[in-house]
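This report concerns only the one structure given below.
Note: hydrogens, waters and symmetry copies are ignored here, and every other heavy atom, side chains too, is used. This is a predicted model, so every value here is computed, not measured.
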Amino acid sequence: MRDKLLIKFIFPIFLLGTPIMVTAETLTIAYGKSKPPFVTKSCDDGIEVDLAREAFQRANYKIEEFCMVNRRMIYSYVNGTIDAGVSVPNDEKGMFYTEVFSSFENLVVTRTSDYIIIDSIADLGHISSVAWNNAQAVLGDEFAEVVRNNPKYREHVSQIAQVKMFLSGRVDAIIIDKNIFLWLTNKLIESGELSNINTTFTYHRIFSETVNYYIGFSNEKHAKKINDALQSMRRDGTYQEIIDSYIPN
């Protein structure tokens, strides 16, 4: 795994024979916490963290990193408290975004032995379920309306806590990205934290195939430079290499 320490970039510029040392611009960026393997609880590791660090390094930016819940992260970059929100929707007016940074296959997972039928979003209106923080703002108006009227629906900041709630039987369904669910379930089983888990699941694909996220900025120049860096990473294979280091094909 590549070195994950933040690196200061210093470039000599020669003007009339006199070297002038110029430091790279520093940007403040934030990750949404607790969605391993994309972002770990402390935001010091994960697929999105590694991808972002590589992109900002290629664009010749130093970075100061923050770890926030999704709602606070979006509020912060929109209001200029930070320079960039990593892995956010691209729906804020007046903001600037990269091309797709990260994609998720969100679905509903139930225990096969429960024989729960979920053919549409409306079917979530009567079962107990858990999703990630701010899911209502991501999965569409119909989803938001259905779960808003279901007192048995809840959201939790920590995705490992969401998976524990589901695996321990405290809720009947979990709404989550499939890779995150499988990765966390395997980790919990390997650690022995949960025993006698029923690991036969049914996946209900009632949402769009993928949900895309972006890096959002209040500055257009910053967005363009990071987008160029992401395109470069895809061309030379680094983007996929980072993903495969966490979730091998």
Side-chain angles (χ1 to χ4, degrees), residues 1 4 30-53 65 67-71 73 86-88 101-114 116 118 124 127-139 143 147 152-213 240-249:
M1 183 65 60
K4 296 173 183 173
Y31 309 103
K33 61 170 62 176
S34 296
K35 50 178 182 179
F38 294 91
V39 182
T40 56
K41 184 176 181 180
S42 59
C43 296
D44 60 1
D45 199 0
I47 294 171
E48 290 181 354
V49 175
D50 287 359
L51 289 173
R53 286 174 177 170
E65 299 170 295
C67 194
M68 302 177 180
V69 297
N70 289 332
R71 286 191 182 97
M73 176 177 63
V86 176
S87 199
V88 296
F101 171 70
S102 188
S103 296
F104 295 82
E105 182 191 6
N106 292 309
L107 39 71
V108 183
V109 186
T110 61
R111 290 173 287 275
T112 302
S113 59
D114 289 344
I116 295 175
I118 301 176
L124 294 173
I127 65 172
S128 61
S129 60
V130 64
W132 71 94
N133 176 253
N134 211 36
Q136 293 182 62
V138 173
L139 293 175
F143 175 81
V147 299
K152 295 184 287 186
Y153 169 82
R154 65 197 75 178
E155 294 182 359
H156 202 293
V157 170
S158 167
Q159 294 214 272
I160 194 166
Q162 297 162 31
V163 173
K164 286 180 182 179
M165 289 173 65
F166 171 69
L167 294 178
S168 63
R170 292 167 57 195
V171 293
D172 293 325
I174 182 170
I175 301 148
I176 194 170
D177 169 77
K178 185 176 181 181
N179 282 330
I180 293 176
F181 174 72
L182 293 174
W183 191 85
L184 287 173
T185 297
N186 288 335
K187 288 294 181 182
L188 289 168
I189 292 172
E190 290 172 2
S191 70
E193 187 171 348
L194 293 176
S195 58
N196 300 320
I197 297 173
N198 180 347
T199 56
T200 304
F201 307 113
T202 299
Y203 301 101
H204 310 267
R205 291 176 168 82
I206 60 172
F207 304 110
S208 300
E209 187 173 340
T210 60
V211 175
N212 295 323
Y213 292 90
Q240 191 61 47
E241 176 188 327
I242 290 172
I243 294 174
D244 290 346
S245 69
Y246 288 88
I247 307 173
N249 292 325

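- Between Ile118 and the choices Ile127, Leu107, Val109, Thr202, the side-chain contact (heavy atoms from CB on, under 4.5 Å) rule is met once, by Ile127.
- Ring planes of Phe38 and Phe104: tilted class, angle from 30 to 60°.
- Contact detail for Val171 and Arg111: the closest heavy-atom pair is O-NH2, 2.9 Å.
- Contact between Ser245 and Ile242 at its shortest, heavy atoms only, is OG-O, 2.6 Å.
- Separation of atoms CG (Asn179) and NZ (Lys35) is listed at 13.0 Å; rounding is to 0.5 Å.
- Put simply, CD1 on Ile174 and NZ on Lys164 are 12.5 Å apart, with the number rounded to the nearest 0.5 Å.
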Worksheet entry | Check against side chain to side chain contact (heavy atoms under 4.5 Å, CB included), Val49 and Asp44 | CA-CA 7 Å; Val49 175; Asp44 60 1; over 6 Å; no
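- Among all heavy-atom pairs drawn from Leu184 and Val163, the shortest one is CD1-CG2, 3.7 Å.
- By the 4.5 Å heavy-atom criterion applied to side chains, Ile160 and Leu188 are counted as neighbours.
- Between Pro37 and Ile247, some side-chain heavy-atom pair lies under the 4.5 Å cut-off.
- Val138 is listed as a side-chain neighbour of Tyr213, based on a closest heavy-atom distance under 4.5 Å.
- Here the closest non-hydrogen pair linking Phe207 and Asn106 is CD1-O, 3.5 Å.
- The number of heavy-atom neighbours closer than 6.0 Å to NZ of Lys178, taken from other residues, nucleotides and ligands shown, is above 12.
- In this structure, the separation between CD1 on Ile180 and CH2 on Trp132 is 8.5 Å, given to the nearest 0.5 Å.
- By the 30° and 60° cut-offs, the orientation of the rings of Phe201 relative to Phe181 is perpendicular.
- In this structure, CG in Asp172 is found 11.5 Å from CG in Leu124, a value given to the nearest 0.5 Å.
- Considering only heavy atoms from C-beta on, Asp45 comes within 4.5 Å of Asp50 through its side chain.
- Contact annotation: the side chain of Ser103 approaches that of Asn212 to within less than 4.5 Å [non-hydrogen atoms, C-beta and beyond].
- Residues Gly46 and Tyr246 share a closest heavy-atom pair of N-OH, 3.1 Å.
- In terms of the salt bridge (Lys or Arg N to Asp or Glu O under 4.0 Å) criterion, residue partners of Arg71 (sequence neighbours excluded) are, by chain and number, Glu155.
- The closest side-chain heavy-atom distance from Ser113 to Thr200 is not below 4.5 Å.
- The shortest side-chain heavy-atom distance between Arg205 and Glu105 falls under the 4.5 Å cut-off.
- Looking at every heavy atom in both residues, Met73 comes nearest to Gly32 through SD-N, 3.6 Å.
- Summarising the geometry, atom OG belonging to Ser128 is positioned 12.5 Å from atom OH belonging to Tyr153; distances are rounded to the nearest 0.5 Å.
- Atom CG of Leu51 sits about 10.5 Å away from atom CD of Glu241, to the nearest 0.5 Å.
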